[in-house]
Amino acid sequence: MKTKILMAAIFFSGLIYAQETPKKDTATTKNIEAVSLTKQVFKKQSDRFVYDVAASPVAKGNTAFNLLKQTPLVSSTDDKTLKIIGKNNAVIFINGRKTNMDAESLTQFLKNTPAENIQKIEVITLPGSEYQVESSDGIINIVLKKKMTDGLNGNMRMGNAQSYYNSSYAGVSLNYRKDKLGISSNINTSQNIQEQYYILRNGNDKSSNQSEGRVSDPNKNLGGYLNIDYQLNDNSNLALTYNSWANRSYGSGSNLFNTIIAPNEKGNTETRYSLTKNVENSRSYNNSLNLNYEWKTDTLGSKLNLNAAYLSYKRFQNADNRTYTTDLTRQVFNPSTIIMQSTPQIINNFSSTVDYIKKFKNDFTVAIGGNFNKTKTDNDTKNDTFYYDKDGNLVDQYGKPISSPISTPNHFIYDENIYGFYVTLEKKFSDKFSGKIGSRYELTSSVGKSDNSDFSNIERDYNNWLPYASLNYAINDKNNISYAFSSRMRRPSFWELNPVKNYLTNVNYTQNNPFVKASSVYTNEFTYMFKSSYFLIINHSLTKNAITQVPLQRDKVRLDANNQPVLDVHGNQITDRELRYIRTNFGDKQEMSAMIGMQKSFFKQYLTTNFNIGLQRNINNGFLNTDPITGDIFPDYVNKIKSNSLLIQTNNTVRLDKKKTWFLGVNYWYVDNQQIELGQLKSLMSLDANIKKVWNDWTFALEIYDLLETNKVVINDNSQASGNYNYINQNQYNQSVNFSITYNFGNKKVQKIRDISSADKDIKNRTR
């Protein structure tokens, strides 16, 4: 994987702290037109919260992405991904249908889309059985305004951001309608260099490793979509959607200075130094095609929806990882290890879905449907490792002279078939009381094959029954309560299953795992809303067989050319420090949270604010001491720690003039210390500000993120009974200044065509 994805993999499980703050499968939005708001409504309806932003000053001159960040219960900590408070991920739907775009292109698309065309935003914290989502994902459904006039409209957006490096982006969106034909399209491009600084430290009181340095990842992106929708007659539509995204990252690399403290041949503890330089070149392509047919079967809203989709995902990547011996002044001497690696991945998927919704006159709705996914993943990995002695001669890992590198090919092919069926019953018993029950049944059959005998035939066949229920009761005009229960699965991503090592240094690497099992998530949620402005949410989730990355470390005995332990002058074995981040199932975990919040306008809507504050309790119960790939035994890694943390988030928009052309925004979020799988995550916070000017069809915006430079990740684990500790310090240089210009043109009354969900939407979520 690219350097940034390698590093992200190390911390992924830790940074998805499910509480609160928005890492990467999000959702999308179409174009949006300007409005002026007279009132805001935030209320609880059945299984969702509804935020009416049709005329909100928050939407005026904003982007879809920024508007979502300021939606109650939604936030982002990195300005790249969105999360719902208490959920791992926010999956975005348009008009009830999931968008057919991969995560990276979707983020760029949202940032290049103006927000004025949004009628309302629905936050579904616990999706029903009819939604194909995994784990504890929540849904953000964006409902667009409907226009009635034929014609053409669109917008152009361009911007520039200055963080550690400068970056730029631009996008064009068009919407056209003529009689029964509707066409929408978008193309966007961006260029940036993501800079990060790391301090990674592990060891015990006898030996330790520290790696410190920079990671730079240059990216060039180009993507877009084309959606053609044709109305066959008054009751049926046919649509074709094509999505494409390409990324190029050449010259991505890291430069890490390593300090190793360990015993030597003389029986003394010595300090050695080395420098690891890693250079990666990668490019990826994501193309998908979806055909949709919709038939309205009666005037009550009953309809049949059919989808067939094809997805092609390709990533080509080569890495050159070289470790040199150095001294304290960082003077480079001979290379000690060179690892040359090729890690391509090709994914082909065919998917289909059938959904039928039957509505009855007595406010009773029955939804039934099914889905089929067939996926083939081809990972033809090659790894050549060169070891050198002190004189620069090529040797094997034991110091024995050899004439060629040690090659470890791994051609891993993974085939997976998923069958899913669901039924949902929804009933409105009165104006005050409504309920919904449903169940999803999923069968998964998969097999992994490799030319490596350890992974020659890995079969996984399992089925799951996933029930769902919700109740909603409006006590009176001011008070509303609801309860919901949901069960979901979390299947491993395809890259997690590929049994390949991604090297940070020659003794520090991540290890993927084809033996990872799907985890199960069970969630209970209670909500109370007062006056459509104030709310309380109490949530409990239990994850069985949680998928995460576990740091296993040990003192590995150094072997000589005869494969015998190397001894010091006292006859003691000499060891080297080794650290593996293993992707695997790691016990169970519980997350409990209580959140109170407010969404309200003051001073005749000159001030619009939403505010959330709450507590989260994490209970971890994980244990691992064996590498599931090799069977190597390590000292126990245990995480059975409980923690409580405070969460705060507030977004404020101030209208500065009567004409509604100047707006000031001040946003803040805070996440207290909390225990995650890798250790204790230190507190995080960010203060952001922006100012916008709306002038006719133009919008000018200046945004400043992380004003106080406090959004830095620090994870510390020194609680192990073995004496091992692990420390991670990651600075992503989140402080940045962004300037953007948006221009809206054309007929503002163009009707938006139907937004079509793709049958392969869930497979896309697992390609990265």
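The shown structure was predicted, so the numbers you read here are calculated from the model rather than taken from an experiment.
- Proximity of a side-chain donor or acceptor of S129 to a complementary backbone N or O of S439 within less than 3.5 Å is detected.
- Under the rule for a side chain to side chain contact (heavy atoms under 4.5 Å, CB included), the partners of D576 that lie at least two apart in sequence or sit in another chain are R272, R558.
- Residues satisfying the salt bridge (Lys or Arg N to Asp or Glu O under 4.0 Å) criterion with D384, sequence neighbours excluded, are absent altogether.
- Remark: I261 engages S208, T269, T271 in a side chain to side chain contact (heavy atoms under 4.5 Å, CB included) (not counting sequence neighbours).
- Here the side chain of N618 pairs a donor or acceptor atom with the backbone of Q675 at under 3.5 angstrom.
- In this view, R460 satisfies the side chain to side chain donor-acceptor pair (under 3.5 Å) rule with no residue, not counting sequence neighbours.
- The side chain to side chain contact (heavy atoms under 4.5 Å, CB included) test with N383 singles out one residue from V500, I339, N410, T343, and that residue is I339.
- Side-chain N or O atoms of N204 include none that pairs as donor or acceptor with a backbone N or O of N724 at under 3.5 Å.
- Using cut-offs of 30° and 60° for the angle between ring planes, the Y503 and Y509 rings count as tilted.
- Within the 3.5 Å criterion, the main-chain N or O of S446 finds no donor-acceptor partner in the side chain of D415.
- N513 places no side-chain N or O within donor-acceptor distance of the main-chain N or O of T584, the cut-off being under 3.5 Å.
- Remark: T626 pairs with no residue by the side chain to side chain donor-acceptor pair (under 3.5 Å) rule, at least two apart or across chains.
- Distance alone, capped at 3.5 Å, is enough to place a donor-acceptor pair between the Q720 side chain and the V638 backbone.
- The closest donor-acceptor contact from the side chain of N539 to the backbone of T523 lies at 3.5 Å or more, if one exists at all.
- The backbone N or O of R617 lies less than 3.5 Å from no partner atom in the side chain of Q590, so there is not a single donor-acceptor pair.
- A cation-pi geometry, defined here as NZ or CZ lying under 6.0 Å from the six-membered ring centre and within 45° of its normal, holds between R554 and F634.
- Counting only distance, with no hydrogens or angles, the side chain of Q553 and the backbone of Y725 share a donor-acceptor pair below 3.5 Å.
- At a cut-off of 3.5 Å, with distance as the only test, a side-chain donor of T276 or T323 sits close to an acceptor on the other residue.
- For the pair N731 (side chain) and Y733 (backbone), a donor-acceptor distance under 3.5 Å is present.
- Residues satisfying the side chain to side chain donor-acceptor pair (under 3.5 Å) test with D396, not counting sequence neighbours, are none.
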